[in-house]
There are 2 protein chains.
Amino acid sequence: MPSSVPNKRIRKSPAARRAEIVAAASAVALSEGLECITLRRIAEELAVRPGLISHYFPAVEDLVAEAYGDAVGAELDALLPADRAGASPTRHLARFFARATGPAFDDISRLWLNARHLSRYRPALRERVAVQEAAWRDRLESLIRDGVEQGEFRTDDPMVAAIQILVVLDGLGMLVNSADTEDDPPAVRRLPITTAERELGLAEGALTAADTD
Amino acid sequence: MPSSVPNKRIRKSPAARRAEIVAAASAVALSEGLECITLRRIAEELAVRPGLISHYFPAVEDLVAEAYGDAVGAELDALLPADRAGASPTRHLARFFARATGPAFDDISRLWLNARHLSRYRPALRERVAVQEAAWRDRLESLIRDGVEQGEFRTDDPMVAAIQILVVLDGLGMLVNSADTEDDPPAVRRLPITTAERELGLAEGALTAADTD
DNA sequence: TTGCTTGTTGGTCGCACACTCAATAGCATC
DNA sequence: GATGCTATTGAGTGTGCGACCAACAAGCAA
């Protein structure tokens, strides 16, 4: 009785297997980084042989790009839902910052940093990064535009305002691997919110209201 | 007559050789990235054998950290000289932005991005990044402080102002591998300058004056 | 139950990497 | 010109990577 590694083959539909692989790679990307997505690593994760990963992704680079897109895309949906029901733009933006400035966002910051650097060498990843950058920008711009229409925000150029907010968010995200997110002055940690309140003509504290649920 | 690779050994003093190695690694870091600093690559660059690099840097990670520190430290000195003679703080800051927002700065942006990501896995590099972060911040803060004393700038907290400027600069630097630096709106490209003028109580355009020599 | 499609395996190849160490040869010193 | 120190070489070790492919077997269809 070969107790170790029964080696029972489990045969799945291509679609299911592929999704499973992307999900595993996405999890590895978030927790350990994109360079840890290797044939052997993902195969081990799913208890299959490395060759199987190669079968679905003949070039690993494509799996890396897919994993990145999956993780970052899911986060965007959680952060800024495509269809905003119920709450006001201000409420949505407050929720956005509540999540995007907390330590729970660190893994995402690391992933962005990771992808932006690695895309220097990986064309497939570079394209995905461009797509996600546009998606994040558009989603935020659209929220701002709604806020302006509803008279909650005031800005000349919603797109520039959106970019400005994201730039500050990215700038702080750059520090995620160096210092503890906790130990810089509050004025610095609140920089994205301050920026947003200023650029959108909001009162100070308008985006930190406690009722962000 | 062995025309190919005469293999003539050239014997140098340890200090000179070490400096030569760091310089070569620093150049590679700037042009190709920190992960291209390998024993073979640097050895080839200097026409020596890989073992020699190992002799001076038993752990490659230390060479990587050194190369990064060398490149980024030199840039800081060019950008914000330690002893500012002659020109006024405003003039110095204008010169700083003239250099730091142009495409000539792209290699430095890439290196910062590279180092900040890679420091996730390399403790020695992480420490160097922390040191350089502090150095850049301190140098800028000191310039701002002087400007305040001389009545040219106006800010409550020079340190927060300095950090804020660097965060915006970093945030834009994040984009260096995705899009052309040229094709985002001028309002975005001028973000660091706008931020500085706002935070330091300067008139719009005060930091873009043509006389930055 | 049989047959067949195809998802999956196991093994292998070549490459690039960091690191080690005894042997070699510049070169300063005498 | 001989000598000794030591900077430098050459050769080798082990690891992990992506990619490739013939052979195998799971599970659906007949």
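Fair warning: this is a prediction, and the values are worked out from it, not measured in the lab.
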Could you give the [atom1]-to-[atom2] distance, from [X] to [N], as a whole number of Å?
X: A:R122; N: D:dG18; atom1: CZ; atom2: C1'; result: 11 Å
X: A:E20; N: C:dT8; atom1: CD; atom2: C1'; result: 13 Å
X: B:L39; N: D:dT13; atom1: CG; atom2: P; result: 18 Å
X: A:L52; N: D:dA23; atom1: CG; atom2: P; result: 20 Å
X: A:I42; N: D:dG16; atom1: CD1; atom2: P; result: 16 Å
X: A:R40; N: D:dG16; atom1: CZ; atom2: C1'; result: 6 Å
X: B:R41; N: C:dC17; atom1: CZ; atom2: P; result: 10 Å
X: B:R49; N: D:dT9; atom1: CZ; atom2: P; result: 7 Å

Practice task
Report the nucleotide, chosen from C:dT9, D:dT6, D:dC17, that has the shortest atom-to-atom distance to any side-chain atom of A:R9.
Solution key: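 Selected nucleotide (nearest to the side chain): C:dT9.
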Problem - Candidates C:dC19, D:dC17, D:dA7 - which lies nearest the side chain of B:R11 - result: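 Nearest nucleotide to the side chain: D:dA7.
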Practice task
Check each of A:V22, A:V64, A:L39 against A:F57 using the side-chain contact (heavy atoms from CB on, under 4.5 Å) test, and report the only one that passes.
Solution key: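 Going through A:V22, A:V64, A:L39 one by one, the side-chain contact (heavy atoms from CB on, under 4.5 Å) with A:F57 is satisfied by A:V22 alone.
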Any side-chain heavy-atom pair of [X] and [Y] under 4.5 Å:
X: A:V176; Y: A:W112; value: no
X: A:D170; Y: B:L172; value: no
X: A:L118; Y: B:H117; value: no

Handout entry: Under-4.0 Å side-chain N/O to phosphate OP1/OP2 contact, B:S54 with C:dA18
Key =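 Checking C:dA18 against B:S54, no side-chain N or O comes under 4.0 Å of OP1 or OP2.
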Practice task
Give B:Y56 one of three labels, base, sugar-phosphate or nothing, depending on what nucleic acid heavy atoms sit under 4.0 Å from its own.
Solution key: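 The residue B:Y56 makes sugar-phosphate contact but no base contact.
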Problem - Touch class at under 4.0 angstrom, heavy-atom based, for A:P50 against every strand present - result: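 Nothing: the residue A:P50, judged by heavy atoms under 4.0 Å, touches no strand.
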Practice task
Could you say whether B:K12 or B:A59 is positioned toward the 5' end of DNA chain C, judged by the nucleotide with the nearest heavy atom to each?
Solution key: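 The residue whose closest nucleotide sits nearer the 5' end is B:A59.
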Exercise for the section: Classify the side chain of B:R17 and the base of D:dT8 as holding, or not holding, a donor-acceptor pair under 3.5 Å. Expected result: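 Counting by modelled atom types and ignoring angles, no donor-acceptor contact under 3.5 Å is found here.
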Practice task
Verify the distance criterion only: is there a donor paired with an acceptor across the side chains of A:N177 and B:R126 at less than 3.5 Å?
Solution key: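 There is no such pair between these side chains.
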